[in-house]
Amino acid sequence: MPHWLIEVIIVILKGVGVAFALLTTFAYMTLVERRLLARMQIRLGPNRVGFQGLLQPLADAIKSIFKEDLNITMSDKLVYTLAPLIAITCALATFGGLPAGPPNSFFGANPWVYSLDIGVLVLLALTSMGVYGIFLGGWASGSKYPLLGGLRSAAQIISYELGMGLSLLGLLMLVGSTSFRAIVGWQGDHGWLVLFQALGFVTFFVSSFAETNRTPFDLPEAEQELVAGYLTEYTAIKWALFQMAEYVNMITASALMSTLFFGGYKGPQFLNGLIPGISEWPFIWLILKIAVFLFIFIWARATLPRLRYDQLMRFGWKLLFPLALANTMFTAFYLAYLKGWGLWPLGVAGVLGVIALIAGSDRVRPLWNRPGVRVLDDQTKPIGGD
């Protein structure tokens with residue numbers, strides 16, 4: 001068998017393995033989230049199907065597959081069907097570019113599906129494509145409520161993607177590469193990038209909530225306002241595909257933050273004194289870091305209220321975007337003129353910026369919390385009486 005054919009088969013098998021792992025994780029993330037939310041809200045959560053409710057994801061999957069798939073007469077049938085497939089395809093393709101271990105550490109194979117020198121740019125492009133599934137799903141449904149939900153989603157994701165991209169520019173200037181492997185290797189030599197880009201991490205972290213449509217930025221599916229947003233006309237397996245895409249994007253965002261700011265697959269170096277090579281074990285450390293971020297996503301959902309749409313847009317444009325831009329400009333200035341001082345002053349400046357942001361939160365809250373007031377003309381009379 002030719003060598004190139006063997007390589008193609010290995011890549012296909014790894015891609016299928018990643019998709020299976022992500023979909024399995026999605027299924028049980030629904031159970032974990034419901035149990036954690038119940039714990040935080042002093043109730044039980046799913047515990048009837050199987051031991052401790054462990055078969056609840058299987059029951060939900062069977063229900064989604066065999067539930068009636070309604071025929072929407074006013075919909076664009078082709079686009080209506082393709083929209084959830086676009087969303088889940090982009091979500092699954094994104095994760096394959098993240099390295100889960102050193103080269104040749106997965107039974108002689110590389111623990112990633114594909115590795116590109118422009119890995120960060122490709123990943124950001126793929127996550128941006130996911131919004132087409134949401135917007136086209138809302139448009140193709142042939143109803144005004146899904147259309148409004150799709151429009152809001154497109155505006156939200158485009159707005160917060162600018163802040164997300166700017167949040168990474170300082171990191172990329174420090175490393176000098178857009179390759180995930182190079183970023184992880186740099187952190188192995190110098191330390192986690194969150195130590196030197198604390199403000200960039202905060203803005204990226206908040207943008208990740210908005211990109212994945214999670215609380216408090218879950219406006220595209222605000223049930224109280226738009227019935228169910230872009231999902232209003234979707235049922236059965238098509239609805240489940242959108243839910244899969246949301247959870248897979250949440251897992252990918254957790255893996256991305258772990259890789260870019262917290263050393264990726266590399267574990268604590270001091271453990272090598274106890275078990276040689278344990279800090280380089282594939283998958284283990286990355287999975288643990290992903291689990292921590294997934295818990296934070298769930299914790300935020302149980303704690304924070306949903307923002308109004310005008311608050312969400314003002315927060316992104318008046319606070320998040322300027323902060324990410326300021327962090328990028330400061331990092332560029334430091335590397336251009338003060339690089340001889342070392343990296344730690346840059347890290348201290350980032351931490352001080354985060355502390356100042358938290359301390360001054362009450363002062364900056366009016367930027368996004370104050371609704372606009374329209375001043376009426378003196379001769380304008382209210383409609384409906386005196």
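Everything numeric here is computed off the predicted structure, so don't read it as measured data.
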Going through the distances and angles, do Arg301 and Glu246 end up as a salt bridge (charged side-chain N to carboxylate O under 4.0 Å, His left out)?
CA-CA 14 Å; Arg301 180 177 179 180; Glu246 178 178 315; 5.9 Å; no

Please determine whether the number of non-hydrogen atoms from other residues, nucleotides or ligands lying under 6.0 Å from atom CZ of Arg48 exceeds 12.
no

Would a distance-only check, ignoring hydrogens and angles, find a side-chain to backbone donor-acceptor pair under 3.5 Å from Thr235 to Leu70?
yes

Output, in order, the C-alpha distance, side-chain angles, deciding distance and verdict of side-chain contact (heavy atoms from CB on, under 4.5 Å) for Val120 and Ile183.
CA-CA 10 Å; Val120 174; Ile183 292 171; 3.8 Å; yes

Heavy-atom side-chain contact between Met129 and Ile86 under 4.5 Å
no

Answer with yes or no after comparing the ring centroid distance for Phe106 and Phe283 against a 6.0 Å cut-off, counting only values under it.
yes

Determine whether the aromatic ring centres of Phe135 and Trp139 lie less than 6.0 Å apart.
no

Full working for side chain to side chain donor-acceptor pair (under 3.5 Å) between Tyr80 and Glu233:
CA-CA 10 Å; Tyr80 176 82; Glu233 304 293 348; over 6 Å; no

What's the spacing between Thr203 OG1 and Tyr160 OH if we round to 0.5 Å?
12.0 Å

If I take atom CD1 from residue Ile134 and atom CZ from residue Phe242, how far apart are they, to the nearest 0.5 angstrom?
7.0 Å

Measure the spacing between CG of Asn110 and CZ of Arg181 and express it to the nearest 0.5 Å.
6.5 Å

Count the heavy atoms belonging to other residues, nucleotides or ligands that lie under 6.0 Å from NZ of Lys144, then report whether that count exceeds 12.
no

Please check if Trp112 and Val122 belong to a single hydrophobic cluster, counting links between Ile, Leu, Val, Met, Phe, Trp and Tyr side chain heavy atoms closer than 4.5 Å.
no

How many angstroms lie between CD1 in Ile9 and CG in Leu5, if you round to the nearest 0.5 Å?
4.0 Å

Taking atom OG of Ser159 and atom CG of Leu320, what is their separation to the nearest 0.5 Å?
10.5 Å

Closest approach of Met257 to Phe204 (non-hydrogen atoms, all atoms of both residues)
CG-CE2, 3.5 Å

Hydrophobic clustering (ILVMFWY, side-chain heavy atoms < 4.5 Å, transitive) - are Val206 and Val351 grouped together?
no

Ring pair (Phe, Tyr, Trp, His ring centres under 6.0 Å): pairs with one or both residues in residues 177-198, sequence neighbours excluded:
Trp186-His190, Trp186-Phe196, Trp192-Phe262, Phe196-Trp344

Run the side chain to side chain donor-acceptor pair (under 3.5 Å) test on Ser128 and Glu161 for me, step by step, so that the C-alpha distance in whole Å, both residues' side-chain angles and the decisive distance to 0.1 Å come before the verdict.
CA-CA 8 Å; Ser128 302; Glu161 272 179 356; 2.8 Å; yes

Can you see which heavy atom on Lys289 is nearest to which on Ser258, and at what distance?
CB-OG, 3.3 Å

4.5 Å side-chain heavy-atom contact, Met74 and Ser143:
no

Heavy atoms only: give me the nearest Leu294-Ser254 pair and the separation to one decimal.
CD2-OG, 3.5 Å

Same cluster or not: Ile290 versus Leu288, using hydrophobic residues (I, L, V, M, F, W, Y) connected whenever any side-chain heavy atoms lie under 4.5 Å apart?
no

Honestly curious: do Ile355 and Val194 fall in one hydrophobic cluster under the side-chain, below-4.5 Å linking rule?
no

Hey, is CG on Asp117 packed in by over 12 heavy atoms from elsewhere, all under 6.0 Å?
no

How far apart are the closest heavy atoms of Arg35 and Leu44, and which atoms are they?
NE-O, 3.3 Å

Close side-chain approach of Pro146 to Thr232, heavy-atom, < 4.5 Å
yes

Shortest non-hydrogen contact from Ala302 toward Met40
CB-SD, 3.4 Å

Are Phe20 and Ile251 in one and the same hydrophobic cluster, where Ile, Leu, Val, Met, Phe, Trp and Tyr link if side-chain heavy atoms are under 4.5 Å apart?
no

Determine the minimum heavy-atom distance between Leu98 and Thr259, stating which atoms define it.
CD2-OG1, 4.3 Å

Establish, yes or no, whether a centroid distance under 6.0 Å links the rings of Phe209 and Phe205.
yes

Working to the nearest 0.5 angstrom, can you tell me the gap between Leu31 CG and Leu58 CG?
11.5 Å

State whether the side chain of Tyr28 and the backbone N or O of Leu54 hold a donor-acceptor pair below 3.5 Å, judged by distance alone.
yes

Could you give the side-chain donor-acceptor pairs of residues 328-337 under 3.5 Å, partners two or more places apart or in another chain?
from: Thr328; atom 1: OG1; to: Leu166; atom 2: O; distance (Å): 2.8
from: Thr328; atom 1: OG1; to: Ala324; atom 2: O; distance (Å): 2.9
from: Thr331; atom 1: OG1; to: Gln197; atom 2: NE2; distance (Å): 3.2
from: Thr331; atom 1: OG1; to: Asn327; atom 2: O; distance (Å): 2.8
from: Tyr334; atom 1: OH; to: Gly342; atom 2: O; distance (Å): 2.4

